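Have a look at the structure below, then the notes.
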Amino acid sequence: MSAWSDGPEMITQCAILPGNNYTYNYRITKQEGTLFWHAHSSFLRATVHGAIIIHPRARHSYPFPKPYREVPILLGEWWNANVVDIENQALALGIGPNISNAYTINGWPGDLYPCSQNQMYKHRVEQGKTYLLRIINAAVNSHLFYKIANHNMTVVAVDARYTNPYVTDVVVISPGQTVDVLLTADQPVGSYYMTANNYASASGTAVGVPFNPSTTRGVIIYQGAPSSTTPLMPVVPAFNDTPTAHKFFTELTSLVGGPHWVPVPLNVDHNMFVTVGMGLDVCPPNVSCQGRPPVGAALSGNMNNVSFVLPTSLSLLQAFFFNVGGVYTTDFPANPPVQFNYTNPSINADLPLLFAPKRTSITKVKFNSTVEMVMQNTALIGVENHPMHLHGFDFHVLAQGFGNFNPTTDTLKYNLFNPQMRNTISVPVGGWAVIRFVANNPGAWFMHCHFDGHNSVGLSTAFIVENGPTPDTTLPPPPPDLPEC
């Protein structure tokens, strides 16, 4: 897609002001499946979001038997408050946002919450038929387990990229990810609950991250099931079931030779080793910084000891296109400035490691260069599973693991044959993940943690991809109606 239609506030454009409008024009190429669109300003994506469903071209078919029906399943969160107020309160206190009051399935909290006992998503099926469920995690702050009582599901795509069929009784899905599964109604006629509950990898750590322990549920109702039937309930995973989450995230593979399959680029031009995690910042003026040690500090994420700051006067893309200086620097470190035992909790006693400078520091790469990035989770403040999303590109996930990445042994684990392709990767709690992509899309592209819902904490960075040699590989001029700052 053109970078001008990517949308992140102050990365590719300034915000669309109240009462104004802006039309996004883009082409979807070499992708099929399910994607996720959402607002990219403050906490608004909690409610402003939806599905993008990409079908095969006319006279082309799925690489699996055609399903009887297709069903979007949007998993989300609900707050009993204005979501912008939730973010503003967190910023005023220097802490993370309040946890949500409920999880939702297609907008409905479900019958386990007192406010919605008669409000639950229901989907009717015919026995023997197969349905394609397009599952989207639209939650702001929660990784989720998704299950259907007594039913297996077959994963056939993730993030609009086909996978080898993978049979599972649970889908694990991080904020911003999509998973397409085939569900065959092969059980006795009756009713079966579907559920979504939190995978809270940071609970019990030094950071003491709170989470919503509740479960939302909808129901699958077979045609002919008596209305008095009590639905069967699945056994939901424990909130800290990291083995189940890691198994799901690591066992998916690409469908080699399938539609739009892309082989792994073998020659790397730009190597990066990037730490990701939370840290601290000196408490800003007019912020109380409650409840975080040391006193007088605010939460602040960082990557390679840089806490990213969004520009304020001009977007990154506009500054790049018009060659305006002073908006960003191209000195984002390709390696950690200080090496340490990244996953050892004792590092929290080293105060200098906790505080990262704030600046708008990005990486500039040449058009069509291949970038490999090792993302290393840290135990600073607390270990946590971070869903890292890259705009503008899909990437190959070469490997994932726990502990500190070891280049001598862990590079031997790379899958260079059929690794899954994604646009959002969950970096394992207390571990690492390796991605590789070809920078063949000129412009400014945001990379950030999809867990926070806002980018003021700084767990993000950006890439500038230089123009290519031909007109169709060069960033076009901005549209005339691009919002002004």
Side-chain angles (χ1 to χ4, degrees), residues 1-8 12 24-38 40 45 49-64 66-67 70-74 132-138 154-166 171 173-182 249 252-265 367-368 370-371 387-398 418-426 435-443 445-447 450 463 465 468 472-473 475-476:
M1 73 161 53
S2 166
W4 298 111
S5 285
D6 190 39
T12 60
Y24 291 94
N25 292 295
Y26 57 93
R27 292 186 305 141
I28 296 176
T29 62
K30 299 180 181 179
Q31 287 181 304
E32 292 177 15
T34 308
L35 292 174
F36 170 52
W37 67 265
H38 60 87
H40 222 296
R45 78 174 178 90
H49 59 247
I52 297 176
I53 296 174
I54 311 161
H55 290 112
R57 286 183 178 274
R59 296 180 295 280
H60 289 71
S61 61
Y62 295 120
F64 47 80
K66 184 178 180 180
E70 299 183 13
V71 185
I73 302 289
L74 273 78
L132 177 61
L133 306 186
R134 299 181 178 274
I135 308 168
I136 297 169
N137 187 348
T154 301
V155 178
V156 292
V158 294
D159 293 357
R161 292 289 183 176
Y162 289 119
T163 65
N164 284 307
Y166 178 76
V171 166
I173 185 167
S174 295
Q177 289 184 332
T178 69
V179 180
D180 292 354
V181 302
L182 296 176
F249 286 139
L252 299 173
T253 54
S254 286
L255 184 62
V256 174
H260 314 302
W261 171 71
V262 178
V264 181
F367 177 81
N368 223 33
T370 297
V371 180
M388 299 301 298
H389 173 61
L390 176 62
H391 287 247
F393 304 93
D394 289 338
F395 48 75
H396 291 92
V397 182
L398 302 187
N418 63 350
Q420 61 183 288
M421 293 191 71
R422 307 209 71 138
N423 60 49
T424 304
I425 173 69
S426 284
I435 67 170
R436 190 180 291 181
F437 66 96
V438 178
N440 55 7
N441 198 356
W445 303 104
F446 202 26
M447 185 177 197
H450 232 301
F463 289 89
V465 178
D472 62 346
T473 60
L475 181 67

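Just so it is clear, the values below take in all heavy atoms, side chains as well, and ignore hydrogens, waters and symmetry mates. Being a predicted model, the structure only gives us computed values, none of them experimental.
You'll find the side chain of N368 stays beyond 4.5 Å of the side chain of T473, heavy atoms only. In this structure the side chain of M421 never reaches within 4.5 angstrom of the side chain of F395, judged on heavy atoms. W4 places a side-chain heavy atom less than 4.5 Å from the side chain of L475. The closest side-chain heavy-atom distance from S174 to R422 is not below 4.5 Å. With contacts defined as side-chain heavy-atom distances shorter than 4.5 Å, the pair P56/P259 does not qualify. Using a 4.5 Å cut-off on side-chain heavy atoms (C-beta onward), I136 and H49 make no contact. Here the side chains of N418 and W261 are not in contact, with every heavy-atom distance at 4.5 Å or above.
Exactly one of I135, I73, L132 qualifies for a side chain to side chain contact (heavy atoms under 4.5 Å, CB included) with V181. That residue is I135. Tested against H260 for a side chain to side chain donor-acceptor pair (under 3.5 Å), the candidates Q31, E32, K30 yield a single pass: E32.
Note on ring orientation: taking the six-membered ring where Trp is involved, the planes of F437 and F393 are tilted (angle from 30° to 60°). Relative orientation of the F64 and Y162 rings is perpendicular, given thresholds of 30° and 60° on the angle between their planes.
R436 meets the salt bridge (Lys or Arg N to Asp or Glu O under 4.0 Å) test with E372; sequence neighbours excluded.
Donor-acceptor pairing under 3.5 Å is recorded for the side chains of H55 and E70.
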